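Following: one structure in structure tokens, then a few remarks.
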Amino acid sequence: MSSFYSEDILEHSKYPSNFGTLEHATCSHEEHNPLCGDRVRIDLMIEGDTVQDIRFSGKGCAISMASASMLTEAIKGQSVAAAHAFSKDDLLELIGIPLQHNPVRLKCALLSLKALKVGLYAAGSVGEE
Amino acid sequence: MPPFLGGGSMISVVELDHSSYADIPQRFEAGTPAIGEAIGLGAAVDFLSAVGMDAIHEHEQYLTGYALERLSEIDGVTIYGPPTTHERGAAVSFALQGVHPHDIAAVLDEQGIAVRAGHHCAQPLHRLLDVSATVRASFYLYNTPEEIDRLADGLIHVRRLFG
């Protein structure tokens, strides 16, 4: 009966993958949603051209937590280029719930992606220096 | 003070090279006045006066007391504010352990129950209470005790879904 809270979303929010922090992260970045107080931090361990490890931590609604969990699963072990290319639509497809007409919850769903993207750019600028 | 908006009833005399404006307050009320709203307000006042403000207050107090009773029976529910209807308006803010308020509101919404989730224009208070947000149900003269039963059932469903 619940269109937002699919089995998948509920499972990921109850038992998230890659939850935690990395002690020797190449970079980490935290994003906030001031509207609802959600926060998601993404830690990245980049070796060469590969996202060797990724963890997320934070606090938020089921959708923001499940989306972060799914995102880390998709990004772990990928190339940095693939992580850069991973889009909003890619993530929404993974989440698989109708968020197009719900801008407020869309923000929850994309919070982790924003943290990843900003983190990646920060890592890029560190690498170039 | 010049008008900020042009339109009907804000003008006095229009010449080819200049105009003069109506006196204040007409000068600032360009266009069709809120006639429907004024008539609607009158009808609302008539309606509320016929029901009686004391009767409305009594009904609100009854619903609020019943909501406090029903919600406090649910495991994991924390009610914020006074524990009784004394010094309390017809609104009850609460949290359900382990479930984010926006998730609670979304699942209740899918069951046809409208509540508000968030800071309710009281961010400093939420910071003091050390909660990220709360859910708030509010009642008025058109609400019924059966609706509070539905809210309680809805919360039990939420707890089961996220449990």
Side-chain angles (χ1 to χ4, degrees), chain A residues 1-17 19 30-41 56-71 91-92 94-115, chain B residues 74-78 80-81 91 93-138 147 149-163:
Chain A
M1 75 153 278
S2 188
S3 58
F4 271 5
Y5 300 96
S6 62
E7 279 296 309
D8 221 19
I9 294 286
L10 290 171
E11 279 301 303
H12 273 277
S13 71
K14 283 178 210 168
Y15 313 106
S17 304
F19 189 85
E30 184 172 293
E31 280 290 329
H32 287 254
N33 183 347
L35 276 179
C36 54
D38 285 8
R39 55 186 181 81
V40 172
R41 175 177 142 177
F56 85 96
S57 51
K59 216 173 131 185
C61 66
I63 293 173
S64 70
M65 293 294 108
S67 132
S69 170
M70 291 171 174
L71 177 70
L91 183 59
L92 290 178
L94 273 184
I95 297 170
I97 53 173
L99 286 166
Q100 299 86 335
H101 304 299
N102 196 322
V104 175
R105 301 317 292 275
L106 191 62
K107 278 215 167 77
C108 308
L110 298 176
L111 193 62
S112 55
L113 185 65
K114 196 174 171 197
Chain B
I74 301 171
D75 277 346
V77 166
T78 302
Y80 297 97
S93 292
F94 60 91
L96 181 58
Q97 199 182 7
V99 190
H100 194 285
H102 282 94
D103 292 324
I104 299 171
V107 175
L108 290 176
D109 174 55
E110 287 173 348
Q111 298 172 78
I113 302 163
V115 293
R116 184 179 173 188
H119 296 127
H120 319 299
C121 305
Q123 270 197 27
L125 178 60
H126 282 76
R127 209 170 299 128
L128 180 79
L129 294 169
D130 196 24
V131 289
S132 63
T134 52
V135 182
R136 188 179 72 189
S138 51
E147 288 172 330
D149 290 334
R150 282 182 57 196
L151 172 65
D153 292 345
L155 283 171
I156 291 166
H157 172 71
V158 170
R159 210 190 46 194
R160 213 177 300 134
L161 191 65
F162 290 92

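As the structure is a computational prediction, the values presented were derived from the model and not from experiment. The sequence lines fix the lettering, A, B, ..., with proteins before strands; numbering per chain opens at 1.
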### Message
Going by side-chain hydrogen bond (donor to acceptor under 3.5 Å, both in side chains), name the residues that satisfy it together with A:Ser69, two or more places apart in sequence or in a different chain.
### Response
A:His12

#### Entry: Which atoms of A:Asp38 approach chain B - backbone, side chain, both or neither, heavy atom under 4.5 Å
side chain

### Task
Answer yes or no: does atom NZ of A:Lys59 have more than 12 heavy-atom neighbours from other residues, nucleotides or ligands under 6.0 Å?
no

### Summary
For residues 97-106 of chain B against chain A, heavy atoms under 4.5 Å, the residues are B:His100, B:His102, B:Asp103, B:Ala106

